[in-house]
**Student:** 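Pasting in a structure now, in structure tokens, and then I'll have a few things to ask.
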Amino acid sequence: MQTYDHKKIEKKWQKVWEKKKLFKALDPKKTAAKKTAKATLPAKKFYALIEFPYPSGDGLHVGHIRSNTAMDIISHKRRREGYDVLYPIGWDAFGLPTENYAIKTGIQPAIVTKTNTDNFRRQLKSLGFSFDWDREINTTDPKYYKWTQWIFLRLLDAGLAYKKRMTINWCPKDLIGLANEEVIDGKCERCGTAVEKREKEQWMLAITKYADRLHKDLDAVDYLEQIKTQQRNWIGRSEGVNFKCKIKDLGITVEMYNSVPQTYCAETFTVIAPEHPLVEKLVKGTSYEKPVLELVAKIKQKKLENKFDIDTDLEGIFTGRYIENYAGLGRDLPIWVASYALADYGSGMVNCSAHDERDYKFAKKYSIPLHEVAEPLAVTVGGDDAFRHDMPIVERNAVVCIVKHWAEDKYLCVSLKGVKWQGFVVGGIEKGEEPSVAGVREIAEETGYTSAHFEKILGGTIHAKFYQVAKGQNRFAHFTPALFKLKNGDRREITEEEKNVHESMSWLTAAEVDAFLTHEGMKLVWDRVVGRSKPAVKNGILIEPKEFKGREWSEVRNDIIEHLVHKGIATRAVNYKLRDWVFSRQRYWGEPIPVVHCDKCGIVPVPVKDLPVKLPKVKNYKPTETGESPLAAIDSWVNTKCPKCKGKAKRETDTMPNWAGSSWYYLRYTDAKNKKEFAAADKLKFWTPVDWYNGGMEHTTLHLLYSRFWHKFLFDQKLVPTNEPYAKRTSHGLILAKGGEKMSKSKGNVVNPDGIVEAVGADALRLYEMFMGPFDQAIAWDENGIVGTRRFIERVWKLREKVALDTKKSKAGVLQEVAGNTTSAEADKLVHRTIKKVSEDIETMHFNTAVSALMIAVNEMEKMPTISQDHYGIILTILAPFAPHVADELWASMGNKKSIHTEPWPVFDPAKIADANITIPVQINGKTRTRFEFPATDIAGMTDAQAEAYVKEKALNLDGIKDKVYSNNIKKVIYVKGRLINFVIG
RNA sequence: GCCGAAGUGGCGAAAUGGCAGACGCACAGCACUCAAAAUGCUGCGAGAGCAAUCUCAUGUGGGUUCAACUCCCACCUUCGGCACCA
């Protein structure tokens, strides 16, 4: 027997498979033809899909191999179960890294992409994946993106693509629009210049029109619950009401969504002085700057300061929370600023979540009722008693002052935004609770305020105790309550433990803020309170309105909605968090958006016959100084004729985002070379939906949502036969670098699989990646374990010597025909149990335990003097999907002419896996003391009661049991049929 | 901050509410060898004991149960996503 030479074997079999086109997916017509000719080919299909890789310069990542091997195993199994399998591969090659590389080096992105895909293809082939390479696609191929552009035109035609003014990140030094990823701490990643906001018209896709279906249809697909939950959260459906708020003096009506009952119970309203410097600062550079400033002018002109009011019969509290990611402001805005944002972006943009149940419960638990705070800052506004909250915005030298009556937020709380309090002072908060810690420490330098400031302000008169509620990012938590008493707090040195707490957020009382600001020479801005002062909720029980008095508000939610609707205050509404998709990029390396701008005709789509609109070659890949894509600089390309009026027109210079090409690629695989259509209807009908789609956890929201959206649109256009693209979706965990960090070129911790394939072989690497840990969990890369799977392969190889080859040629896999071989019941049991375990584990993606089962089988077989050809053959056939090369080699060495990958998948025989003996653990008070074994035949004909009596009697006579258990001290006997017996003694 | 996931030996990890640590790595001893490597055999959570055996142990604190890694509540820590990275 030769020694195991992985290099020779792997190369050999890869060639054989490719030559015989062993893994080619057969299209419907051919299938039908073959079926009549041979009558063996199945009509049942299986479409296995992995996310097509982005061919980066780093080369193949070990994480790609994890996902690809898993679906490869499943594909192999399905083929051998008689399915016609489609397992395709391609390249998602448009994207920022390639473009940035081009900017730096001047090398054309198309050339970089060619080099990278060639490398990826070589690497993937070296791993022996059973892809159908004839269907390889590339999103940057004009033959492919022609159809991406075509789909865009359909969207445009259907009114789902539109233009809108938006802000983008802009680096004033590099004169380039930046992706979010390129902005670090508000600065440009490359040059460190502070990033500015710029206005730009952007193409949008109205994915929100599909929000309802994207949400609802999740019920009908077989996705991991985790994925469904994430998608649902992302879409963010909630049912509530729209309130109409009229600002009387200004004649403005604002409609705001709220998820109800708390809103109804609260009575205050947050406003801000129009002359406040904050106003301008907050809105400057934003798309709602204009209306807000207009409003400010209007207020000033009307001399309405301090007077504008809200319709009080609404009894609503509104605090507009403007979502940071979008506006780039990251703070709560006063309502009327927010309302403009709302009008601008639609109802999905503003979210009054501060009042939801969660926050309420949180507040209830952690807040100090106002009356327990030593000196509540009582103020009088319009004759009513109220409490003042001052919200300083430190980095802007400004304070928003809020005054509230008793309301659901009767807990005094004020937030300091933009301040990283590094464990300033910490104290207990709940009533009667002793302060766990206290002390003073420097406030983060960035605030410019040191503890000395506070010592000065607070020392002597007020001792502050802060409670660190949230360790987290530097965000505003509006109704997160607070935090500290003012009375006689002790100060202690801060402990080591506390010193380790970073970036905590703390809250100050109004009194302290007031003192602090006065000291700093700042003034409090005016405030205004509207509404009536009645406590509405007490301990979670409603007091007002009368109709619901005494009830838990969370229980009467729907009744309150009804009530509000009935009173005509509000209308029922469904709210989604989902926002429309910003579809344009001011970049070169993407699909050109196929429209032209004509002075006469406006936006005109490029006729389908003129597609694709090809990307021209350019010299400089940097975006232009005006914020347009580099395409704008190529006059010969930009200047064109209007397809409608034949007059002068200019091409759209924006390109599509990366998500475009990946939103429909799985459809193209079904008919990758079609020149007339994006895919032929009969092929789509045969192959779609994708039966099993596996990919990264990081794609469970965006990519999945975008492609589901496109698919649903295409379904509505009667272009695809199914409502959902993927029947089943699973996710794999990331493979991290050794320290648990993400692998990245910049950190220099990327593992190149080439060296491993060279050293131990693709089979060992594939086995290792399946064995290293649970498939769905993130795992740190550790090369040391590979020797284990390599040794395992060598043991399988060596085991070949024990196989009795003198028996006549048998058909392994067909278990009924085993007769004639030397077999034993024990060996049968082992092999059949392994078939069962491996088959089940593949279906549930528990690949680590599947490999372990194979290892156990081999360990056991090593102990046997000889192994039958069938038993060895079966082990090889179930090992084959994991280690395809060595399995085929050994299979051939047994005299088999056909590839192991065409063998039927073995089926286990339940009769052969049954145990002859039953082992029963014996417990005393739930703790296992001993166990005993008896032949299964002993209790074979017994009733359950008889069997129990039999086991009980045997167990009671065991050493170590009989001396501890007497019939008089047994309280209870628990017998779990065939599993264990437990004596409860007292 | 919001959403999601995870926490078990020196390490990667197994365990339908029913024998905690399968399988693998590392390590130690032995065999083979002039020697080393490779390979094979044995041992391998912690503590006590000559031993049989006993006690403790699945992030922390409670709870449910005859029985909890598993279910419930609260907390701590780590990781992932958050809309222009893909």
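Below, chains carry the letters A, B, ... as their sequence lines are ordered, and counting in each starts from 1.
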**Student:** Establish, with yes or no, whether the OP1 or OP2 oxygen of B:A86 is under 4.0 angstrom from a side-chain nitrogen or oxygen of A:Asn658.
**Tutor:** yes
**Student:** Considering only nitrogen or oxygen atoms on both sides, find all protein atoms under 3.5 Å from nucleotides 19-25 of chain B and state each distance.
**Tutor:**
from, atom 1, to, atom 2, distance (Å)
B:C19, O4', A:Thr928, OG1, 3.3
B:C19, O2, A:Arg931, NE, 2.9
B:C19, O2, A:Arg931, NH2, 2.6
B:G24, OP1, A:Asn859, ND2, 3.1
B:C25, OP1, A:Arg791, NH1, 2.6

**Student:** Tell me: CD of A:Gln777 to C1' of B:G12, nearest whole Å?
**Tutor:** 12 Å
**Student:** Take atom CG of A:Leu704 and atom P of B:G81, then tell me their distance rounded to the nearest Å.
**Tutor:** 16 Å
**Student:** Can you name the residues that form a side chain to side chain contact (heavy atoms under 4.5 Å, CB included) with A:Ser56, not counting sequence neighbours?
**Tutor:** A:Tyr54, A:Asp58, A:Phe120
**Student:** How far, in whole Å, is B:C84 from B:A15 if one measures between their C1' atoms?
**Tutor:** 45 Å
**Student:** Is B:G63 syn or is it anti, if syn means the base angle is within 90 degrees of 0?
**Tutor:** anti
**Student:** Roughly how far apart, to the nearest Å, are B:G10 and B:C27 at atom C1'?
**Tutor:** 8 Å
**Student:** Base, sugar-phosphate or nothing for A:His703? Non-hydrogen atoms, less than 4.0 Å.
**Tutor:** nothing
**Student:** Expressed as a whole number of Å, how far does the P atom of B:A31 sit from that of B:G18?
**Tutor:** 44 Å
**Student:** Using the C1' atom as the point on both nucleotides, what is the distance between B:U55 and B:C75, in whole Å?
**Tutor:** 29 Å
**Student:** More than 12 foreign heavy atoms under 6.0 Å from OH of A:Tyr101: is that the case here?
**Tutor:** no
**Student:** Indicate yes or no: does A:Lys863 engage A:Glu860 in a salt bridge with an N to O separation below 4.0 Å.
**Tutor:** yes
**Student:** For A:Gln586, does its backbone N or O pair with a side-chain atom of A:Ser629 as donor and acceptor, under 3.5 Å?
**Tutor:** no
**Student:** Would you compute the distance between atom OH of A:Tyr223 and atom OG1 of A:Thr730 and round it to the nearest 0.5 angstrom?
**Tutor:** 11.0 Å
**Student:** Classify A:Pro774 by what it touches in the nucleic acid, base, sugar-phosphate, or nothing, heavy-atom distance under 4.0 Å.
**Tutor:** sugar-phosphate
**Student:** Side-chain donor-acceptor pairs under 3.5 Å in residues 767-777 of chain A, sequence neighbours left out?
**Tutor:**
from, atom 1, to, atom 2, distance (Å)
A:Tyr768, OH, A:Asp782, O, 2.5
A:Glu769, OE1, A:Arg66, N, 3.0

**Student:** Expressed as a whole number of Å, how far does the C1' atom of B:U77 sit from that of B:U8?
**Tutor:** 16 Å
**Student:** Whether the A:Trp664 and A:Thr148 side chains hold a donor-acceptor pair (N or O, under 3.5 Å, no angle test) is what I'd like checked.
**Tutor:** yes
**Student:** If I take atom OH in residue A:Tyr706 and atom P in nucleotide B:C82, what distance separates them, rounded to the nearest angstrom?
**Tutor:** 10 Å
**Student:** Heavy-atom nearest nucleotide on RNA chain B for A:Asn233 versus A:Val976: which residue maps closer to 5'?
**Tutor:** A:Asn233
**Student:** More than 12 foreign heavy atoms under 6.0 Å from NZ of A:Lys952: is that the case here?
**Tutor:** no
**Student:** In whole Å, I'd like the distance from the CG atom of A:Asp58 to the P atom of B:A86.
**Tutor:** 14 Å
**Student:** Distance-only check: which donor-acceptor pairs under 3.5 Å involve side-chain atoms of residues 229-236 of chain A, not counting sequence neighbours?
**Tutor:**
from, atom 1, to, atom 2, distance (Å)
A:Thr229, OG1, A:Glu225, O, 2.7
A:Gln230, OE1, A:Thr700, OG1, 3.3
A:Gln231, OE1, A:Arg708, NH1, 2.7
A:Gln231, NE2, A:Thr700, O, 2.8
A:Arg232, NH2, A:Asp219, OD1, 2.8
A:Asn233, ND2, A:Thr229, O, 3.4

**Student:** In whole Å, measure the gap between the P atoms of B:U78 and B:G29 for me.
**Tutor:** 39 Å
**Student:** I'd like the C1' distance from B:A13 over to B:C69, given in whole Å.
**Tutor:** 13 Å
**Student:** Would you say that A:Leu854 contacts A:Phe882 through its side chain, given a criterion of any heavy-atom pair below 4.5 Å between the two side chains?
**Tutor:** yes
**Student:** Looking only at the side chain of A:Thr229 (C-beta and beyond, no hydrogens), which of the listed nucleotides B:C66, B:C84, B:G4 gets closest?
**Tutor:** B:G4
**Student:** Is it true that A:Arg790 and A:Glu794 have a side-chain N and a carboxylate O under 4.0 angstrom from each other?
**Tutor:** yes
**Student:** Need one value for A:Glu51: base, sugar-phosphate or nothing, where a base atom within 4.0 Å counts as base even if backbone is also close, heavy atoms only.
**Tutor:** nothing
**Student:** Taking 4.0 angstrom as the limit, do A:Glu201 and A:Lys164 come out as a salt bridge?
**Tutor:** no
**Student:** Which nucleotide in the set B:A83, B:G18, B:A86 lies at the smallest distance from any side-chain heavy atom of A:Leu578?
**Tutor:** B:A83
**Student:** Can A:Arg585 and A:Asn658 be counted as having a side-chain donor-acceptor contact under 3.5 angstrom?
**Tutor:** no
**Student:** Round to the nearest Å and state the distance from A:Lys798 atom NZ to B:A38 atom P.
**Tutor:** 13 Å
**Student:** If you check every side-chain atom of A:Ile779, which of B:G80, B:C84, B:A13 has the closest atom?
**Tutor:** B:A13
**Student:** Using the P atoms only, state how far B:G47 lies from B:A57, rounded to an integer number of Å.
**Tutor:** 15 Å
**Student:** Could you please name the option among B:A83, B:G80, B:C66 that lies closest to any side-chain atom of A:Gln230?
**Tutor:** B:G80
**Student:** Atom pairs, N/O to N/O, protein against nucleotides 68-73 of chain B, distance under 3.5 Å?
**Tutor:**
none

**Student:** In this structure, how many angstroms lie between the P atom of B:U65 and the CG atom of A:Asn982, rounded?
**Tutor:** 15 Å
**Student:** Nearest nucleotide by nearest heavy atom, which residue falls closer to the 5' end of RNA chain B, A:Lys972 or A:Gln226?
**Tutor:** A:Gln226
**Student:** Using whole Å, what does the distance between atom P of nucleotide B:G18 and atom CZ of A:Phe983 come to?
**Tutor:** 20 Å
**Student:** Could you write out RNA chain B as a dot-bracket string, with dots for unpaired bases, | for bases paired across to another strand, and Watson-Crick or G-U pairs counted at under 3.5 Å?
**Tutor:** (((((((..(((.....[....))).(((((.......))))).((((....))))..(((((..]....))))))))))))....
**Student:** Can you measure A:Leu205 atom CG to B:C84 atom C1' for me and round it to whole angstrom units?
**Tutor:** 14 Å
**Student:** Across the strands shown, which category fits A:Leu96 at heavy-atom distances under 4.0 angstrom: base, sugar-phosphate, nothing?
**Tutor:** sugar-phosphate
**Student:** Supply the atom-to-atom distance A:Leu704 CG to A:Ser731 OG, rounded to the nearest 0.5 angstrom.
**Tutor:** 8.0 Å
